[in-house]
Structure formats: structure tokens, C-alpha cells
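These notes are about the structure you will find just below.
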Amino acid sequence: MKIIAYGARIDEIPYMQQWAKETGNTLTIHEELLDASTVDWAKGYEGVNALQTTPYSAEVFAKLHEFGIHYLAVRNVGTDNIDLAAAAANDVKISNVPAYSPAAIAEFAVTLTLQVLRRVGEVAARLQADDYDGATKFIGRELGQQTVGVIGAGRIGRTAIRIFEGFGAKVQAYDPYPVTDQDHPIDYVGLDELLRTSDVIDLHIPGVPANTHIIDAAALASMKPNAVLINTARGNLVDTEAMVAALREHRLAGAGIDTYEHETADLLTLSKEGRFHDPLWDELLAMPNVVLTPHIAYYTETAVHNMVYFSLQHLVDFLTTGTTSTEVKRA
């Protein structure tokens, strides 16, 4: 089979090369993202494998249709950046990798929580200012003494719940489609109650339009004044302007943000292009009570291996049978 891969990170490339060698398939690898300027490279290939958080446009799918390509396998979970209507209109089927490593993201969410609760950023800022004595003044909170509210109790959310409980925290969850787990019962509450009573609010829901700004100004106003917000899911879940205002006015104690709302191509290629002008990003970056990371919650050796191998197998499934177990259907 002849496959083209886009958005290949340097850590993914060895796994891609290994997969191609093991399976005997032809795999052409590009670090560039799949967009209107690069889609022509796919001409002559049977299927496309890609990873990106920026949009896959209707123009891309029209081109794939023109080239006779009917399958796109993405190496990540989220599909909110994919124009599924345009894909369907151009007879392009989509698959994702819904569970490459739930532990990777869940562990990172807990890591951010610990850093914010123990005020590591504030301590580091004082040390960087050569104020050792000042760095000793930031009293932290123990995770085991907090009530953690997890929004979204899917694979990742349930894994996070188990880890938080391992620290001794009281954990409650909100999910519009709650899963009954006889082996590990979950304390489900309404969203309003979760926002009002949680010390830590951890997001693990998809970035579909219905969830856009689930954390908005009203949600932030209903939280405890010492609450901490953690987002390793999707940037659009949080109204960033409202969050920055709450942090600025000390109505939110801190935040751990791995997925930024305005995650544009300019931000993703900052080192190459040298341009990204966003005052909200700059303000968050300067806040010592905010841990800002570049969409790396998933980034472990296990996860990267699985993202590559699982997604390429899905593409093989598509090409040999016309379907795969993780085919993404339009709602």
C-alpha cells in the first residue's frame, strides 16, 4: 500500500519507519501539516495519515476526492478541527485514535494540578529574581485535602479520577453521558454543583461545538475563589479572555493550561516563522500562578508509539475492508 503521512514529529518518524519496514508498505513522511498548500503531495497515494490541531478544510477534502483518496487516518483523538461535512461530501472517511494512552493525559493533568497547588511557578519566579527568602513564603495545598471535579468521565477522565483518588482527594464528576462502572463507582453530580463545590476543576471532554466555552465568565464566577482550573483537553472549552480576567482579579487561584484556545498555525510554527502575537498568551505566560505548556499532555513514548501504529493499522483496515473500528461518524 502507498501511504503519505503529514505533520510527522521527529519522535514519530522512527516509529513510522519501523512500521513501514515491518509491514512492507510504502510510507512517505512529511513534517509539514496537511493543508491547502501541501495537499497536492498526496496525489498518487492511496491513503493519508496526519496529526494536527489546526483545521482540515473543505478545500483539502475536495482535493483528496479529486486524487481518488477516500481515507484519512488521524493519529490523535480530537476531530473537532475536521470539517466532517466536507469530508462526507467528498467521500472521505475519517478514523481517529481514541485511546492511544489515557494515562499519559491523565497523569499530566494531575502533574499540572500538583504544580499549581504547590505554587511551583510562583516559587520559581522568586528564585529567578534572586529572592530566596521570598521563594519560601508560598504556602501550598495538599491534593489529598481537595475536592476535585472532573468534567468528562470517558477513558481519560476515569483514569484521572483513579489517580486523583490515589492521592486521597475527594473526586466528583460531571458527564452528560455517565458511564456506570461497577468496579469503580463514580460520584456523579450536576455541572453547577461541581463548579460550585470543587477546589480543582479538571477538563476531559471533547472540543465539539456544544462544549465551546463550557468554562465561561458565568462558570468562573460560580467557582470557589481559591479554585484551580486544569485543561489538557481542548482549547475551546475555556473562554480564555474570561479566565485571564478571573486570574488577574484573583477570582481564580491558578490554572494549568496545556491546550490553548487560540492555538493557531503561527503558534505551532513559532520557532520557524517567528510570528505569533497574542496578548492573552503573553499575559498567561507571565503569570507565575499559571502553568502553560505547549499541548504536550499526550507526549510519552507509549502514546507516540500507539498513535503511529494504531492509526496506520486503521488506514490499512480502511484500504482493505472499507471500514475500521474507529471510523468517525458525523453526528
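Note that these values count all heavy atoms, side chains included, but never hydrogens, waters or copies made by symmetry.
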Please report the C-alpha distance between Phe318 and His314 in whole Å, then the side-chain angles of each, then the deciding distance to 0.1 Å, and finally whether the ring-ring contact (aromatic ring centres under 6.0 Å, His included) criterion is met.
CA-CA 6 Å; Phe318 266 145; His314 297 156; 8.2 Å; no
Candidate pair Tyr100 and Ile105, rule side chain to side chain contact (heavy atoms under 4.5 Å, CB included), full reasoning:
CA-CA 10 Å; Tyr100 45 80; Ile105 296 172; 3.8 Å; yes
Worked verdict on Glu12 versus His305 for side chain to side chain contact (heavy atoms under 4.5 Å, CB included):
CA-CA 7 Å; Glu12 293 180 306; His305 172 278; over 6 Å; no
Using the side chain to side chain contact (heavy atoms under 4.5 Å, CB included) rule, take Arg75 and Met16 through it: C-alpha gap first, then chi angles, then the decisive distance, then the call.
CA-CA 12 Å; Arg75 301 192 295 277; Met16 291 179 171; 3.5 Å; yes
Does the pair Asp202 and Thr113 meet the rule for a side chain to side chain contact (heavy atoms under 4.5 Å, CB included), with working shown?
CA-CA 9 Å; Asp202 180 30; Thr113 301; 5.6 Å; no
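The closest side-chain heavy-atom distance from Ile186 to Ile161 is below 4.5 Å. Side-chain atoms of Ile215 and Leu229, non-hydrogen and from C-beta on, do get closer than 4.5 Å to each other. Gln17 is not listed as a side-chain neighbour of Leu27, based on a closest heavy-atom distance of 4.5 Å or more. The side-chain heavy atoms of Ile151 and Ile201, taken from C-beta on, include a pair separated by under 4.5 Å. A heavy-atom distance below 4.5 Å is not found between the side chains of Ile4 and Ile69. With contacts defined as side-chain heavy-atom distances shorter than 4.5 Å, the pair Asp199/Val148 does not qualify. No side-chain heavy atom of Asn49 sits less than 4.5 Å from a side-chain heavy atom of Tyr6. Residues Ile82 and Val328 have side chains not in contact (no heavy-atom distance under 4.5 Å, counting atoms from C-beta outward).
The backbone N or O of Ala153 sits less than 3.5 Å from a side-chain atom of Arg158, completing a donor-acceptor pair. Between the side chain of Asp40 and the backbone N or O of Lys43, no donor-acceptor pair lies under 3.5 Å. When atom types are taken as modelled, the side chain of Asp216 and the backbone of Ala219 share a donor-acceptor pair closer than 3.5 angstrom. With hydrogens and angles disregarded, no donor-acceptor distance shorter than 3.5 Å links the side chain of Asp239 to the backbone of Ala217. Side chain of Asn289 to main chain of Ala253: a donor-acceptor pair is present (N/O by atom type, distance under 3.5 Å, no hydrogens or angles). Checked by atom type and distance alone, the side chain of Thr38 pairs as donor or acceptor with a backbone atom of Leu33 at under 3.5 Å.
Taking hydrophobic clusters as Ile, Leu, Val, Met, Phe, Trp and Tyr residues chained together by side-chain heavy-atom distances below 4.5 Å, Met287 shares a cluster with Leu292. Linking ILVMFWY side-chain heavy atoms closer than 4.5 Å, directly or via other members, places Leu194 and Leu252 in a single hydrophobic cluster. Hydrophobic clustering places Leu280 together with Leu247 (ILVMFWY residues linked when any side-chain heavy atoms are closer than 4.5 Å, directly or through intermediates). Cluster annotation: Val77 and Met307 are assigned to the same hydrophobic cluster (Ile/Leu/Val/Met/Phe/Trp/Tyr, side-chain heavy-atom contacts under 4.5 Å, transitive). When the side chains of ILVMFWY residues are joined at heavy-atom separations under 4.5 Å, either directly or via intervening members, Val74 and Leu312 end up in two distinct hydrophobic clusters.
When the shell of 6.0 Å around CZ of Arg141 is examined, it contains more than 12 heavy atoms from other residues, nucleotides or ligands. Residue-environment remark: CD (Glu193) exceeds the threshold of 12 foreign heavy atoms within 6.0 Å. Remark: Arg155 CZ is loosely packed, at most 12 non-hydrogen atoms of other residues, nucleotides or ligands lying under 6.0 Å away. Atom CD of Glu241 has 12 or fewer neighbouring heavy atoms from other residues, nucleotides or ligands inside a 6.0 Å radius. For Glu301, the CD atom sits in a loose shell: 12 or fewer heavy atoms of surrounding residues, nucleotides or ligands are nearer than 6.0 Å. Around atom CG of Leu285, more than 12 heavy atoms belonging to other residues, nucleotides or ligands sit under 6.0 Å away.
Side-chain contact, Thr28 with Tyr45: a donor N or O sits under 3.5 Å from an acceptor N or O. One side chain, Glu327 or Thr323, offers a donor N or O that lies under 3.5 Å from an acceptor on the other. Between the side chains of Asp258 and Thr293, at least one donor N or O sits under 3.5 Å from an acceptor N or O. Thr79 and Asn96 form no side-chain donor-acceptor contact under 3.5 Å, judged by distance and modelled atom types alone. Side-chain contact, Ser198 with Gln172: a donor N or O sits under 3.5 Å from an acceptor N or O. A donor-acceptor contact closer than 3.5 angstrom is absent between the side chains of Gln146 and Glu142.
A side chain to side chain contact (heavy atoms under 4.5 Å, CB included) with Arg234 is found for one member of Thr232, Leu237, Asn231 and no other, namely Leu237.
Closest approach of Ile205 to Gly152, counting heavy atoms only: CG2-CA, 3.4 Å. Listed here is the closest heavy atom pair of Thr326 and Pro98: CG2-CD, 3.6 Å. Counting all heavy atoms, side chain and backbone alike, Pro102 lies closest to Ile156 at CA-CG1, 3.9 Å. A pairwise comparison of heavy atoms in Val48 and Ala42 identifies CG2-CB, 4.2 Å as the closest pair. Closest non-hydrogen pair, Val97 versus Ser311, comes out as CG2-CB, 3.7 Å. The two atoms that bring Thr54 and Asn81 nearest to each other are O-ND2, 2.9 Å, heavy atoms only.
With values rounded to the nearest 0.5 angstrom, Glu22 atom CD is found 4.5 Å from Gln18 atom CD. Atom OG1 of Thr259 sits about 8.5 Å away from atom CG of Asn236, to the nearest 0.5 Å. Taking CG of Leu72 as the reference point, atom CD1 of Ile94 lies at 4.0 Å (rounded to 0.5 Å). Remark: Asp278 CG to Thr240 OG1 distance equals 8.0 Å, nearest 0.5 Å. Between the CG atom of Leu34 and the NZ atom of Lys63 there is a distance of 12.5 Å, given to the nearest 0.5 Å. The structure places CZ of Phe67 at 12.5 Å from CH2 of Trp41, a figure rounded to the nearest 0.5 Å.
Ionic pairing of Lys170 and Glu165 is not present here: no N-O contact between side-chain nitrogen and carboxylate oxygen is shorter than 4.0 angstrom. Checked for salt-bridge contact, Arg126 and Asp130 miss the test: no charged N lies under 4.0 Å from a carboxylate O.
Both tests pass for Arg9 against the ring of Tyr299: distance under 6.0 Å to the centre and angle within 45° of the axis.
Among residues at least two apart or in separate chains, there is no ring-ring contact (aromatic ring centres under 6.0 Å, His included) pair with a member in residues 167-211.
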Please output the side-chain donor-acceptor pairs of residues 83-93 that fall under 3.5 Å, not counting sequence neighbours, one pair per line with the distance.
residue	atom	partner	partner atom	Å
Asp83	OD1	Ala85	N	3.4
Asp83	OD1	Ala86	N	2.9
Asn90	ND2	Ala86	O	2.8
Asp91	OD2	His70	ND1	3.4
Lys93	NZ	Gly322	O	2.7

